Amino acid sequence: YIVRPMSAKDVLDLFSVRKALEGQAAKELIPHLDDAAIDQLTAINAQAERAFRDKRIDDFLAVNRSFHKLIARLAGNRLLEQMLGTTHDRV
């Protein structure tokens with residue numbers, strides 16, 4: 001791996017793109033929401049809350065990423081899912 005230094009602007013740009021992609025994933029998820037999807041998202045969110053409460057930051061970050069990956073997958077837009085994955089990797 002090569003780690004490239006990031007300027008403050010690079011970081012702000014990255015989070016701006018992430019915000020836009022995650023918002024789009026949430027919008028595209030809505031027509032696909034059913035009880036099973038809601039149950040999955042609720043369970044993952046509960047795991048994240050426990051990890052955060054217990055100050056297990058590495059676990060929290062991993063579960064949080066799983067939550068956002070699930071939203072993108074359930075939205076059914078493979079390109080959006082791939083782009084979010086790349087953005088999350090950069091974060």
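The model shown is predicted, which means the values in this text are computed figures rather than measured ones. Counting from 1, the numbers follow the sequence of the chain as shown.
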Handout entry: Pair V63-F67, side chain to side chain contact (heavy atoms under 4.5 Å, CB included): steps then yes or no
Key = CA-CA 6 Å; V63 174; F67 180 82; 5.7 Å; no

Within one Ile-Leu-Val-Met-Phe-Trp-Tyr cluster: [X] and [Y], side-chain cutoff 4.5 Å:
X   : Y   : result
L84 : L79 : yes
I44 : I71 : yes
I38 : L29 : yes
V17 : F15 : no

Show the nearest heavy-atom pair for residues [X] and [Y], with the distance to one decimal.
X   : Y   : value
P5  : D10 : O-OD2, 4.3 Å
A72 : A25 : CA-CB, 4.2 Å
L14 : M6  : CD2-CE, 4.0 Å

Distance in Å, [X] [atom1] paired with [Y] [atom2], rounded so as to fall on 0.5 Å steps:
X   : Y   : atom1 : atom2 : value
S66 : L41 : OG    : CG    : 11.5 Å
L80 : L21 : CG    : CG    : 6.0 Å
R73 : R78 : CZ    : CZ    : 12.5 Å
N77 : Q82 : CG    : CD    : 10.5 Å

Practice task
Would you mind listing every salt bridge (Lys or Arg N to Asp or Glu O under 4.0 Å) that reaches into residues 44-53, with sequence neighbours excluded?
Solution key: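 Qualifying pairs, neighbours excluded: none.
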
Kindly check if the number of other-residue, nucleotide or ligand heavy atoms within 6.0 Å of [atom1] ([X]) is above 12?
X   : atom1 : value
F52 : CZ    : no
R90 : CZ    : no
D35 : CG    : no

Handout entry: Expected output: side-chain T87 to main-chain M83 donor-acceptor under 3.5 Å
Key =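 Yes; judged by distance alone, with no hydrogens or angles, the pair exists.
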
Handout entry: Evaluation steps, side chain to side chain contact (heavy atoms under 4.5 Å, CB included), between H88 and E22
Key = CA-CA 10 Å; H88 287 175; E22 287 183 351; 2.8 Å; yes

Handout entry: Passing candidate, side chain to side chain contact (heavy atoms under 4.5 Å, CB included) with L70, options E81, R65, Q40
Key =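 When E81, R65, Q40 are each tested with L70, the side chain to side chain contact (heavy atoms under 4.5 Å, CB included) holds only for Q40.
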
